[in-house]
Amino acid sequence: MPRLPSEFYLREEVTVIARELLGQLLVTEKEGKRTSGLIVETEAYRGPEDKASHAYNNRRTPRTEVMFGPGGHAYVYLCYGIHHLFNVVTGPADRPHAVLIRAIEPVEGLEIMMARRNRTLSKQLTSGPGLVGEALALRAHDTGASLLSGEMVWIERQPPLLDAAILATPRIGVDYAEECAAWPWRFSIRQNEWVSGKKIAG
DNA sequence: GAGTAGATCGGCT
DNA sequence: GCCGATCTACTCG
């Protein structure tokens, strides 16, 4: 399948991109091992005005620098000293937006992902941002990698979802972000078994 | 099943 | 020196 093109990532509205990333295929290839999964849960982080974003108030540091570049690149950072969280940088240059990939539905390389996670095939394999990072062998040094021309990580086009299949709820773990914490910028595929958290009715 | 401590370290104040 | 866009194991019931 062809990769998503640069025009997909360069758009200004990060919440639209976060929605449209649902159902797309996230692929990594490390040491000749291809692993992939359908994106089932995302969160949008809208740069300067979003208190939950690392780039809030245009905070520009070595770590956040990649978000100030054009969309279509990887932003991977270490969280709690343990977990590598993978984000897609979006928007034109100097608009530091990003989409956190929170969960995937495994498609290729299941044995490889199970070995990396030391888990059998279950929701525990890739249902959470830290778990996605481990299953796909994403690391902080992948930050800056091009999703358009890179050979380590990219996203392949899949058929778009219907709006009715998408659920919008508040983001997870951003209580410190005051009024921004309530914004419904976590998007997931309704009824999908691989979305993180407890299963809820509806 | 629910609640919570512990892991573990780079980035920033 | 503090703490986080988290996850797991262990406790108690």
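Every chain is numbered from 1, with letters handed out A, B, ... down the list of sequences.
- A donor-acceptor pair under 3.5 Å links the side-chain atoms of A:R3 to the main chain of A:L148, judged by distance alone.
- Between A:Q124 and A:A98, the one whose closest nucleotide on DNA chain C sits nearer the 5' end is A:A98.
- None of A:V99, A:L100, A:V14 except one satisfies the side chain to side chain contact (heavy atoms under 4.5 Å, CB included) rule with A:Y45; the exception is A:L100.
- A:R19 is listed as a side-chain neighbour of A:D163, based on a closest heavy-atom distance under 4.5 Å.
- Of the possible donor and acceptor atoms, one in the side chain of A:K123 sits under 3.5 Å from a partner among the backbone N and O of A:V195.
- A close approach under 4.0 Å does occur between a side-chain nitrogen or oxygen of A:Y176 and OP1 or OP2 of C:dA5.
- Residue contacts shown for A:R171 are absent, as no nucleic acid heavy atom lies under 4.0 Å away.
- Under the stacking definition used here (centres under 5.5 Å, planes under 30°), the residue A:Y77 fails to qualify as stacked on the base of B:dG10.
- Residues A:S188 and A:E41 have side chains that never bring a donor and an acceptor to within less than 3.5 angstrom of each other.
- Atoms CZ (A:R117) and C1' (C:dT6) sit 11 Å apart, rounded to a whole Å.
- Contacts with DNA chain C (heavy atom under 4.0 Å) in residues 128-143 of chain A: A:G128, A:P129, A:G130, A:L131, listed by number.
- C:dC3 and B:dA5: their C1' atoms are spaced 16 Å apart (whole Å).
- A:E134 places none of its side-chain heavy atoms less than 4.5 Å from the side chain of A:H84.
- Using a cutoff of 4.0 Å between basic side-chain nitrogens and carboxylate oxygens, A:E43 and A:R171 are not scored as salt-bridged.
- Annotation for A:K33: atom NZ does not count as buried by contact number, only 12 or fewer foreign heavy atoms lying within 6.0 Å.
- Annotation for A:E111: atom CD does not count as buried by contact number, only 12 or fewer foreign heavy atoms lying within 6.0 Å.
- Residues of residues 51-73 of chain A having a heavy atom closer than 4.0 Å to DNA chain B, listed by number: A:T61, A:R63.
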Pair assignment for DNA chain C - dot-bracket with | for other-strand partners, Watson-Crick or G-U under 3.5 Å: ||||.|||||||.
Test log, rule side chain to side chain contact (heavy atoms under 4.5 Å, CB included), inputs A:F8 and A:I155: CA-CA 11 Å; A:F8 179 91; A:I155 301 175; over 6 Å; no
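- Relative to the ring axis of A:Y9, A:R11 does not place its NZ or CZ within 45° and under 6.0 Å from the centre.
- Atom P of nucleotide B:dG10 and atom CG of A:L85 are separated by 16 Å, given to the nearest angstrom.
- The listed nucleotides are C:dA5, C:dC7, B:dG10; the one nearest the side chain of A:L78 is B:dG10.
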